[in-house]
Amino acid sequence: MTGSHPTRSRLTAALRPAAFGADPSGERMERIRRSPNFANGVFVNPVGARTAPSGSMLKFASTYFRKEERVRRAPAGAVPVHPTTVADLAAPPASGLRLTWMGHSSVLAEIDGRRVLFDPVWGQRCSPFSMVGPKRLHPVPVPLRELGPVDAVVISHDHYDHLDRPTIRALVRSHAMFVVPLGVGAHLERWGVPAERMTELDWHESTEVAGLTLTATPARHFCGRGLRNTQHTLWASWVVSGSGRRIYHSGDTGYFPGFAEIGAAYGPFDATMIQIGAYSDHWPDIHMTPEEGMRAHLDLQGGDPVRGVMLPIHWGTFNLAPHPWEEPAEGTVAAAKEAGANVAVPRPGQPFEPEHGLPLEPWWRAIAARPVTEVPAAAEGAAEPAVPAGPSGAGTPGTTGKRPGATGGADPAMPIPQP
């Protein structure tokens with residue numbers, strides 16, 4: 001009798017759930033092998049990086065699982081999610097540029113009349129499994145079905161907190177184009193994204209979407225979703241240029257000299273979205289601290305601290321590192337004050353136009369597990385908060401009073417409406 005054994009097939013399926021995605025193969029793999037950033041069978045970083053945790057894992061575990069440390073890694077109350085409405089997002093930005101941080105690294109960028117959605121994660125957990133893995137600490141600010149039309153969905157790399165299968169499958173029903181680093185298309189293809197709506201780019205390659213130029217630029221990180229990480233999918237930061245404005249999204253990255261090179265080649269930028277959370281001494285090469293994030297922002301802007309605005313991302317939504325929950329925001333505000341740079345620290349879901357004022361009210365302090373009372377000088381003259389601050393916060397309609405971890409009515413299975 002020929003064919004695979006039923007038990008072995010079930011075991012293989014169990015060990016490789018759909019959320020793992022797919023490994024590149026065929027013509028896609030041949031293109032990967034031709035990449036100048038692929039060597040000795042793997043993608044390589046622009047400068048050396050340790051991608052595995054360094055130091056004693058016993059020491060790391062003892063710190064990570066200590067009760068008092070666990071308490072500080074989550075907010076002490078409900079995160080005050082901004083009650084964004086459909087009308088808020090339906091009216092085009094008067095200045096031509098509006099950013100809405102949806103939490104973690106998910107940002108809706110409206111630039112020169114077009115809409116780009118970076119690293120959308122609407123799932124309750126950043127995990128291949130529904131019952132285990134880091135759980136959302138605040139509701140999603142806007143259900144996907146209320147987000148409105150999107151021209152491009154841009155993915156920085158294939159880790160679960162940046163590439164979420166349920167969200168991608170919902171976005172397939174829209175008319176958005178998917179722009180991803182080289183190799184990541186294998187995952188999207190398995191999840192039903194048509195080839196004609198997908199573009200894979202190597203570093204310094206560009207594509208045009210709805211009049212915008214999207215360029216993949218280097219980052220210092222790594223990839224992988226399955227039990228064995230073969231490093232056959234690339235990671236990237238992104239430059240998006242319109243008719244009059246330019247923005248930058250860092251994805252996940254350690255600090256490296258390439259930020260200055262990216263700024264010289266594609267900048268300066270009206271806004272940068274920079275990873276400043278989930279850092280640790282155990283993985284110093286692949287995630288930036290707030291101070292390193294500010295240094296990267298300044299590099300991207302040619303060293304000019306008053307040029308553009310920095311939006312800190314990759315914090316506040318998932319517990320992914322041993323640092324206190326509020327520390328990335330505090331560190332970024334302090335670093336901006338020292339550098340004299342412009343920084344925006346909106347609540348999740350709070351749209352803002354950099355030309356019309358920056359959200360600077362330190363909303364996170366009221367719900368930090370260890371109270372933070374110092375008001376930074378950078379917050380003087382801050383834009384008025386759109387919702388009351390405090391532990392009770394303000395959520396999306398129907399979410400007031402929910403504890404961290406609630407999904408706030410998000411429905412990844414609902415398609416985004418299109419014109």
Side-chain angles (χ1 to χ4, degrees), residues 21-52 105 118-119 152-159 162-163 177-189 193 195 198-209 212-226 228-241 246-269 272-275 283-288 292 296 299-300 302:
D23 292 327
S25 60
E27 183 179 340
R28 178 177 283 116
M29 192 64 209
E30 288 304 313
R31 184 183 171 199
I32 288 170
R33 291 191 179 100
R34 293 193 298 269
S35 168
N37 306 302
F38 193 78
N40 299 318
V42 296
F43 277 114
V44 294
N45 272 298
V47 296
R50 293 164 293 172
T51 58
S105 294
F118 291 98
D119 284 355
V153 175
V154 176
I155 304 298
S156 64
H157 63 296
D158 67 1
H159 287 159
H162 297 259
L163 179 61
M177 289 292 297
F178 292 80
V179 185
V180 301
L182 191 56
V184 174
H187 301 313
L188 272 58
E189 190 175 77
V193 177
M198 186 194 321
T199 300
E200 296 177 68
L201 299 179
D202 204 342
W203 292 340
H204 299 296
E205 291 182 344
S206 300
T207 189
E208 300 286 329
V209 177
L212 299 175
T213 300
L214 288 76
T215 304
T217 46
R220 191 185 187 200
H221 201 55
F222 69 111
C223 66
R225 294 178 70 85
R228 54 185 182 86
N229 294 332
T230 55
Q231 305 302 296
H232 287 172
T233 60
L234 188 58
W235 46 96
S237 57
W238 289 92
V239 171
V240 177
S241 302
R246 284 171 288 192
I247 58 176
Y248 172 86
H249 188 285
S250 72
D252 277 3
T253 180
Y255 180 81
F256 71 112
F259 291 114
E261 297 170 5
I262 293 169
Y266 304 104
F269 301 98
T272 67
M273 295 156 272
I274 304 290
Q275 172 263 306
W283 48 83
D285 298 339
I286 56 174
H287 281 168
M288 293 189 291
E292 289 172 325
D299 287 353
L300 289 159

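- Salt-bridge annotation for Glu292 and Arg220: absent, with no side-chain N of the basic residue lying under 4.0 Å from a carboxylate O of the acidic one.
- Ring pair His157/Phe222: centre-to-centre distance not below 6.0 Å.
- Across all non-hydrogen atoms, the minimal contact from Ala219 to Ser250 is CB-O, 4.4 Å.
- Rounded to the nearest 0.5 Å, atoms OG (Ser25) and CD1 (Ile32) are 9.0 Å apart.
- By the 4.5 Å heavy-atom criterion applied to side chains, Asp119 and Trp238 are not counted as neighbours.
- The two residues Val184 and Leu234 make their nearest non-hydrogen contact at CG2-O, 3.9 Å.
- Judged purely by atom type and a 3.5 angstrom limit, Arg225 has no side-chain atom pairing as donor or acceptor with the backbone of His187.
- A donor-acceptor distance shorter than 3.5 angstrom exists from the side chain of Gln275 to the backbone of Met288, with no hydrogens or angles considered.
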Q) Going through the checks in order, is the side chain to side chain contact (heavy atoms under 4.5 Å, CB included) test met by Asp252 and Ile286? A) CA-CA 7 Å; Asp252 277 3; Ile286 56 174; over 6 Å; no
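- In terms of modelled atom types and a separation under 3.5 Å, the side chain of His287 and the main chain of Gly254 share no donor-acceptor contact.
- Rounding to the nearest 0.5 Å places OG1 of Thr199 at 9.0 Å from CG of Leu214.
- Side-chain atoms of Thr217 come within 3.5 Å of backbone atoms of Ser237 as a donor-acceptor pair (strictly under, hydrogens ignored).
- The CG atom of Asn45 lies 8.5 Å from the CG atom of Asp285; values are rounded to the nearest 0.5 Å.
- Annotation for Gly263 and Phe269: closest pair CA-CE1, 4.2 Å, computed over non-hydrogen atoms.
- Taking each heavy atom of Pro46 and Pro218 in turn, the nearest pair found is CG-CB, 4.4 Å.
- Here the CZ-CH2 distance, from Phe43 to Trp235, works out to 7.5 Å after rounding to the nearest 0.5 Å.
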Q) Can you check side chain to side chain contact (heavy atoms under 4.5 Å, CB included) on Thr233 and Val180, steps first, answer last? A) CA-CA 10 Å; Thr233 60; Val180 301; over 6 Å; no
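- Going from atom NE2 of His232 over to atom CE of Met29 covers 4.0 Å, rounded to the nearest 0.5 Å.
- You'll find the side chain of Phe256 stays beyond 4.5 Å of the side chain of Glu261, heavy atoms only.
- Listed here is the closest heavy atom pair of Ala236 and Pro181: CB-CG, 4.0 Å.
- Residues Val209 and Ala152 come closest through the heavy atom pair CG1-CB, 4.0 Å.
- Ring pair Phe118/His249 is parallel by interplanar angle, where below 30° counts as parallel and above 60° as perpendicular.
- Between Glu200 and Arg31 there is no salt bridge, since no side-chain nitrogen of the basic residue lies less than 4.0 Å from a carboxylate oxygen of the acidic one.
- Under the 3.5 Å distance criterion, the side-chain polar atoms of Asn37 are left unmatched by any main-chain donor or acceptor of Val44.
- From Arg33, atom CZ reaches atom CD of Glu30 across 5.0 Å, with rounding to the nearest 0.5 Å.
- Side chain of Gln231 to backbone of Cys223: a donor-acceptor contact under 3.5 angstrom is found.
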